[in-house]
Structure formats: structure tokens, C-alpha cells
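Reading through the C-alpha cells given below for one structure.
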Amino acid sequence: TGVPMATAAPKLPVKDTYTVAFSQNASNNPWRLAETASMREEAEERGHQLTVTDANNEQAKQIQDIKGLIAQKPDALFIAPITEQLGNVVVEAAAAGIPVFLLDRDVDNTVAKPGEQFVTVIVSDFVQQGKRAAWAMAKATGGNAKIIELEGTTGSSPAIDRKKGFDEAITQCPGLEVVVSQSADFTRAEGQSVTETLLQSHPDATAIYAHNDEMALGAIAAVRAAGKVPGSDIQVVSIDGSRDALTAVDAGELFATVESNPRFGPRAFDTMEQYAREGQVPVQLVLEDRLFDKANAAQNIATAY
Ligand code: AHR
């Protein structure tokens, strides 16, 4: 595929089972819980011993968590970094000889490089997700909308790239305009409170683009509380594909949600084991994502998280 292979990162010997650590950045939404559950299930299936830490959505705590995990000297360390600022602690893990695999979010590659200080990053294509959200928004609104954008956690790779992809795509749609853009930290509560405020300051807004489903669901509650009808007065588009979001799509309150698959476990451990056997893997692995809209939301609710 032309993606370089990881060769200089700390090596992983071939063993039957491994002691593995996973630094999760938060457990405050169904997406995070699904990711952690996928890692736990897959580790158990393969007989690996997995330690999980939860940083409570706090960068300082995640750095301390990772330092603590490094001290335990696991065979391999998985990190879902809260923001791109976690490069230095990845460098510390590499210096301690621990192979690091980044899951779902990246770090600043000028500080820690894939194939060097960490083995690889297993991600969705967040820029592409942002573009697909913009195309869905164009469809929802007939190409004319004044958009409130709810950004994810400031400095996180999905917030950066989902904004970038959306902004790039709407340059092709002169009728789509982002009138205000603010972080709601990927949470439902902030999605609701930030939308309440922004609907007051921008009463002419006709659409909401949320970087994840939880913020979109909070936004939908705020739209209703403002006496407007989500799905007709205000079109809402988001990213993830959670069960609550698919239910909202089916109910006509959410126009579409671009999938961001949280079930990393199988790919994570396949990659780790391949790295042990072959000494190299591609420095970036990208998961395939679907789009959920009225046509397929209902049939996917039962298997959603
Ligand atoms: O990094 C992926 C994002 O993080 C998901 O969209 C979001 O729900 C989660 O918190």
C-alpha cells in the first residue's frame, strides 16, 4: 500500500501470551466503553493479561497513568491518547524498551514518530469522516445551511481532523456556512449546554455538525428545549454510530452519523502479534467505516453499542 513499515521501535519477542497495558483516556461515553470492552474481550480470548487505566478525560491523569504503566514493564503498551500532546510520554515508554501501539488517536509526530518511538497507530480516517459529514450535511439541507459546529476535545486528533475534513469539503458548497464553532469536549452534557448558548447567540442557525454522537444527542435535546424541531427546523449530522444515535436517525432527529468504529480489539492484537512474529508492521493502519442514515440505521441498532 506504500505505507512504510515500523522497524526502529522497541521489539516484541514471540511468546504464547503477553502482559499488555491499555491507557484509555476516558470512560464517559458509549464509544469509549465499547473500545475498552473490545480490548478486554480480545485479550481474554487470546489469553493475554490486560491492565486498563482510565484517565477520566484528563490529560494530566493520562500522563501519570502511562508513567505508572511504564513502571510495571508490560510487554506492550496500547495508548488511546486524549490529545496530540502525549508525545513525550510515548518517548519515555520507548526509552524504557516498551513497544507502544496508538489506538484511535494520534500524537504529535514531530515529538514521537511511528516506526521509531511507537510502532504504529491504528485509526479511522478522521479527515475523511469530516468530509463525509459535510456531504451528508449538503444532502440534509439541500446545500444551504447556517451551521453550528460542536468540536471534540481541543487538541485531539479527531477534533483537529474532523474539522479539517468538513471545512475542506464545504468549500465545494457555497451555501454551507459554519457560523460558529466551539468545543463541547466530546460529551453529551457539554453538547447540550454549548448548543443552548449558541442557539441564543445564533438564532438563525439551521444546522448542527457535531464531531461525535454524544454531543449531537445533547444538541438535539437543546434544540427541543429551544422549541425547535430537530430534523426539520435544525438538521443535525454527527460521527460515531452509537446505538442512541442510530435510534435518533431512525426517529428522524439526526440526519446521519458517519461511523467511527470503536471495536479495535481484534485489529490491535493481530497487529501486536504480527509485530512480534515479523518485527515490522505498517506505521499506520486505517479501519474502514460506514455511513448510517435513514436507509440503514434501524437494521443496525441491535448490533450497535
Ligand atoms: O477518538 C474517537 C472519538 O473519541 C469518538 O468519536 C468519540 O466519541 C470519542 O470520545
Side-chain angles (χ1 to χ4, degrees), residues 5-27 31-59 61-83 86-107 112-124 157 260-287 305:
M5 305 290 273
T7 51
K11 294 293 178 231
L12 183 62
V14 175
K15 295 201 214 171
D16 285 343
T17 59
Y18 293 91
T19 306
V20 182
F22 174 37
S23 165
Q24 176 58 286
N25 59 56
S27 298
W31 194 100
R32 292 275 142 214
L33 296 174
E35 184 184 46
T36 301
S38 174
M39 290 295 286
R40 284 192 196 280
E41 278 159 28
E42 201 61 26
E44 195 180 329
E45 188 120 320
R46 298 176 191 225
H48 303 319
Q49 191 144 33
L50 182 69
T51 303
V52 179
T53 55
D54 169 11
N56 281 330
N57 209 23
E58 290 163 31
Q59 178 160 299
K61 175 156 185 340
Q62 188 165 30
I63 292 168
Q64 287 316 311
D65 286 351
I66 295 169
K67 287 177 187 277
L69 293 172
I70 293 170
Q72 293 173 22
K73 298 196 180 307
D75 293 321
L77 173 58
F78 288 94
I79 301 174
I82 184 163
T83 70
L86 259 64
N88 286 323
V89 74
V90 170
V91 172
E92 278 182 42
I98 301 168
V100 172
F101 299 78
L102 299 187
L103 277 193
D104 96 71
R105 295 183 184 179
D106 209 343
V107 296
K113 288 189 180 47
E116 295 184 23
Q117 288 80 27
F118 62 94
V119 177
T120 186
V121 57
I122 309 175
V123 277
S124 280
S157 50
S260 192
N261 188 349
R263 294 183 172 124
F264 282 87
R267 195 73 187 267
F269 289 108
D270 279 350
T271 305
M272 183 192 84
E273 291 164 17
Q274 184 189 348
Y275 185 63
R277 281 194 313 275
E278 299 173 14
Q280 53 179 12
V281 291
V283 295
Q284 188 189 47
L285 294 159
V286 181
L287 303 187
Y305 50 91

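Numbers for residues simply follow the sequence, beginning at 1.
- Once rounded to the nearest 0.5 Å, the distance linking CD1 of Ile79 with CG of Asp65 reads 10.5 Å.
- Between the side chain of Tyr18 and the backbone N or O of Leu50 there is no donor-acceptor pair closer than 3.5 Å.
- Separating the CG atom in Leu102 from the CG atom in Leu285 is a distance of 11.5 Å, to the nearest 0.5 Å.
- Checked against Arg267 for a side chain to side chain contact (heavy atoms under 4.5 Å, CB included), the options Leu103, Ile122, Asn261 give a single hit: Ile122.
- A pairwise comparison of heavy atoms in Gly279 and Lys11 identifies O-NZ, 3.2 Å as the closest pair.
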When you look at Leu86 and Gln59, which way does the side-chain contact (heavy atoms from CB on, under 4.5 Å) test go after all the steps? CA-CA 8 Å; Leu86 259 64; Gln59 178 160 299; 3.9 Å; yes
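- Side-chain contact between Thr51 and Pro74 is absent, with no heavy-atom pair separated by less than 4.5 Å.
- Contact record, Leu77 with Ile70: CD2-CG1, 4.3 Å, taken as the closest heavy-atom pair.
- With a 4.5 Å cut-off on side-chain heavy atoms, Asn25 and Arg105 count as touching.
- Residues Ser38 and Phe264 come closest through the heavy atom pair OG-N, 3.4 Å.
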Please report the C-alpha distance between Asp104 and Arg32 in whole Å, then the side-chain angles of each, then the deciding distance to 0.1 Å, and finally whether the side-chain contact (heavy atoms from CB on, under 4.5 Å) criterion is met. CA-CA 10 Å; Asp104 96 71; Arg32 292 275 142 214; 3.0 Å; yes
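- The distance from the CG atom of Leu12 to the CD atom of Gln274 is 12.0 Å, given to the nearest 0.5 Å.
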CA sep, side-chain torsions, deciding dist, call: Arg263, Glu41, side-chain contact (heavy atoms from CB on, under 4.5 Å): CA-CA 10 Å; Arg263 294 183 172 124; Glu41 278 159 28; over 6 Å; no
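- Interatomic distance, NZ of Lys61 versus CD1 of Ile66, reported as 10.5 Å (0.5 Å rounding).
- Shown here for Lys73 and Ile98, the closest heavy-atom pair between the two residues is CA-CD1, 4.3 Å.
- In this structure, Ser23 and Gln62 approach most closely via the heavy-atom pair OG-NE2, 2.9 Å.
- By the 30° and 60° cut-offs, the orientation of the rings of Phe78 relative to Phe269 is perpendicular.
- Proximity of Val123 to Gln284: side-chain heavy atoms (C-beta onward) are separated by under 4.5 Å at one or more points.
- Contact of the Ile63 side chain with the Glu92 side chain is not registered, since no non-hydrogen atoms from C-beta on lie closer than 4.5 Å.
- The closest side-chain heavy-atom distance from Arg46 to Asp270 is below 4.5 Å.
- To the nearest 0.5 Å, the span separating OG on Ser27 from CG on Asn57 amounts to 9.5 Å.
- Between Thr120 and Tyr275, the closest side-chain pair of non-hydrogen atoms is not below 4.5 Å.
- The local environment of CD in Glu58 is crowded, with over 12 non-hydrogen atoms from other residues, nucleotides or ligands closer than 6.0 Å.
- Heavy-atom minimum distance, Met272 versus Val20: SD-CG2, 3.9 Å.
- Side-chain atoms of Phe22 and Arg40, non-hydrogen and from C-beta on, never get closer than 4.5 Å to each other.
- Proximity of Pro282 to Pro114: side-chain heavy atoms (C-beta onward) are nowhere separated by under 4.5 Å.
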